[in-house]
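Structure record follows, encoded as structure tokens.
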Amino acid sequence: MKSKLLLSLLLLSFYNVSATDRIVQENGPAGTFSTITAAIAASVNGDRIIVHPKIGGNPYVENITIDKTLEIASAEDGVRYKIQGNVTLQALNNRTITIIGAHLVSGDISGSSAGWRTNVSIMGCILDGGSINFNNQYYVSVVSTELESGSISISHGRIIGNQMNSESALITISNSTSITNDTLLIVANKFPRLLCTSDIFLTIMNNLIKRVSPQTVLSAHSISYTTTSTQQKLNIINNTVVTPYTVVADGSSTRAKYLNLLSPAVIMNNIFQASYVFTSMYAPTASLTVSGNSSSYNYIMNTLVSYPAFSTTDVLLTTNPVNVTTGQLILPTAALNGADPSFQFYDLDLSVGDAGCYGGSYSLDNYFPITGSSRVFWVDMPFGITTNGAPLQIKAEGFDR
């Protein structure tokens, strides 16, 4: 097992010397703004808008359009400001828009296509009912954000450390006409399922991908990649996939699939588990329709049938290895210290890695619980650290407020 990695880094933000902080505050002193829209109108590219939560936790009731390079953040770290309305981000080449600590009690965060390529960061937010929707004009980072009932749809970017609470929601990677060979990261999230319709390099790592209600299944897939290719474009590593049985009467035509892949993939260190037992006749299946898949060190409940990439290091289990609610290992299980024994897959305590979403360096322990406060969310460093005295290049990214 592993211990939780604690990172304490000083996060520095650099702005243009002429940039200004615009303060939004209900009944604030002279020079502040009563609405976010008014602060945006007064801002210029590079400004930061600091929003004080309203008295009594009331929302700012306004539809917001952001058409400049701006950062909008809370006045207090870990305390979100509420918005009742839609937030629309207009695209423009090299525009950068960052939203930190917003709580949308209604409405979506979305893009309106106007030009390539707008960089968007949505960090530490909550959406009570809305979704996050962006097309291929945007490079989007969604980080440490909770969606109560909505979905996430992007074409380029990364989705890291988020939680989606509705079993009918999903992550969609939509087809892009801008960059066909881009790379997209889906790391350390809790969500029900993923659909990728884009010809893209995709890494799906350390996610808890979970559905427990048979009524939401039918023919849905936990992970679906619909672009047909002979090139190995998928990395599916250290995920825990929990898929329920179907309860409908027409058998395999409607049974769920935990994998539905039309391009070859590296499938490694995962746990595949059924969450609801009805009958093996309707057990979830995997559909890997092309050759070139690489499967190793996966742990599969024997009630899940038709895993065509089965290898000598994959293990069939007779009891559930994880807690369906948390994704944590139920001991004893062969998945403990059961990942690929290579050093780059070790757990945080430098023991041999566990299979599933809590194994390896990008364990869910690094990302949950989501608090809305300052967080380091991504660390780039070389695989395999040596002791030969060479410099070690590490890049960390985070957000504050």
Side-chain angles (χ1 to χ4, degrees), residues 36 57 59-66 72 74 80-91 97-113 118 120-175 184-198 204 207-213 215-218 220-224 242 364 367-372 377 399:
I36 299 171
Y60 290 90
V61 182
E62 50 185 313
N63 290 317
I64 296 168
T65 299
I66 305 174
I72 302 178
S74 176
R80 297 179 177 91
Y81 52 95
K82 291 182 178 180
I83 298 171
Q84 181 178 321
N86 295 308
V87 179
T88 304
L89 282 57
Q90 292 187 356
I97 299 171
T98 301
I99 300 173
I100 302 174
H103 180 171
L104 272 67
V105 298
S106 67
D108 302 322
I109 303 177
S110 59
S112 61
S113 176
T118 301
V120 175
S121 296
I122 301 168
M123 300 174 167
C125 295
I126 294 176
L127 284 78
D128 284 346
S131 295
I132 296 172
N133 298 305
F134 289 91
N135 60 25
N136 62 18
Q137 303 297 314
Y138 299 82
Y139 183 92
V140 184
S141 296
V142 185
V143 178
S144 296
T145 289
E146 298 182 61
L147 293 93
E148 290 300 323
S149 61
S151 297
I152 299 174
S153 179
I154 66 173
S155 294
H156 302 283
R158 53 193 178 168
I159 300 173
I160 301 176
N162 305 283
Q163 180 163 329
M164 301 167 66
N165 293 323
S166 170
E167 289 207 20
S168 62
L170 75 161
I171 292 174
T172 302
I173 311 304
S174 301
N175 190 41
L184 198 145
L185 299 174
I186 311 290
V187 179
N189 303 280
K190 297 179 181 180
F191 64 95
R193 57 193 181 96
L194 180 146
L195 169 63
C196 179
T197 61
S198 179
I204 305 168
N207 299 282
L208 176 58
I209 306 171
K210 181 187 71 173
R211 290 171 294 152
V212 297
S213 173
Q215 283 71 30
T216 64
V217 180
L218 299 182
H221 312 122
S222 296
I223 299 174
S224 183
V242 178
L364 286 188
Y367 299 91
F368 290 88
I370 296 173
T371 63
F377 66 86
F399 65 90

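When all heavy atoms are compared, the tightest approach of Gln90 to Tyr138 is C-OH, 3.7 Å. Ser149 and Ala169 get closest at one heavy-atom pair: O-CB, 4.1 Å. Here the closest non-hydrogen pair linking Met164 and Ser151 is CE-CA, 3.7 Å.
Using a 4.5 Å heavy-atom threshold, the side chains of Ile171 and Asn162 count as separate. You'll find the side chain of Ile36 reaches within 4.5 Å of the side chain of Glu62, heavy atoms only. By the 4.5 Å heavy-atom criterion applied to side chains, Val87 and Ile66 are counted as neighbours. Inter-residue side-chain proximity for Ser144 and Phe399 is flagged as met; some heavy-atom pair is nearer than 4.5 Å. Looking at Val120 and Tyr139, their side chains never come closer than 4.5 Å, going by heavy atoms from C-beta outward. Put simply, the side chain of Lys82 does not reach to within 4.5 Å of the side chain of Arg80, judged on heavy atoms. Taking the side chain as every heavy atom from C-beta outward, Phe134 and Leu89 approach each other to under 4.5 Å. A 4.5 Å side-chain heavy-atom check between Leu184 and Ile154 finds at least one atom pair inside the cut-off.
Under the 3.5 Å distance criterion, the side-chain polar atoms of Ser155 are matched with a main-chain donor or acceptor of Ser174. Without hydrogens or angle criteria, Thr65 side chain to Thr88 main chain gives no donor-acceptor distance under 3.5 Å. Here the side chain of Asn189 pairs a donor or acceptor atom with the backbone of Gly161 at under 3.5 angstrom. The main-chain N or O of Ala188 is found under 3.5 Å from a side-chain atom of Asn207 such that the two form a donor-acceptor pair.
In this structure, Met123 CE and Phe377 CZ are separated by 4.0 Å, a value rounded to the nearest 0.5 Å. Put simply, CG on Leu194 and CD1 on Ile186 are 5.5 Å apart, with the number rounded to the nearest 0.5 Å. Distance check: Ile173 CD1 to Asn136 CG gives 12.5 Å after rounding to the nearest 0.5 Å. A distance of 9.5 Å separates CD1 in Ile122 from CD1 in Ile97, rounded to the nearest 0.5 Å. Summarising the geometry, atom NZ belonging to Lys210 is positioned 7.5 Å from atom CD belonging to Glu167; distances are rounded to the nearest 0.5 Å. In this structure, NZ on Lys190 lies 14.5 Å from CG on Leu147, to the nearest 0.5 angstrom.
A donor-acceptor pair shorter than 3.5 Å can be found between the side chains of Ser222 and Arg211. Of the N and O atoms on the side chains of Ser166 and Ser168, at least one donor lies less than 3.5 Å from an acceptor on the other residue.
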Would you tabulate the side-chain donor-acceptor contacts of residues 101-109 under 3.5 Å, counting partners in other chains and residues two or more places apart, or write 'none'?
{"residue": "His103", "atom": "NE2", "partner": "Asp128", "partner atom": "OD1", "Å": "3.0"}
{"residue": "His103", "atom": "NE2", "partner": "Asp128", "partner atom": "OD2", "Å": "3.1"}
{"residue": "Asp108", "atom": "OD1", "partner": "Ser131", "partner atom": "N", "Å": "2.8"}

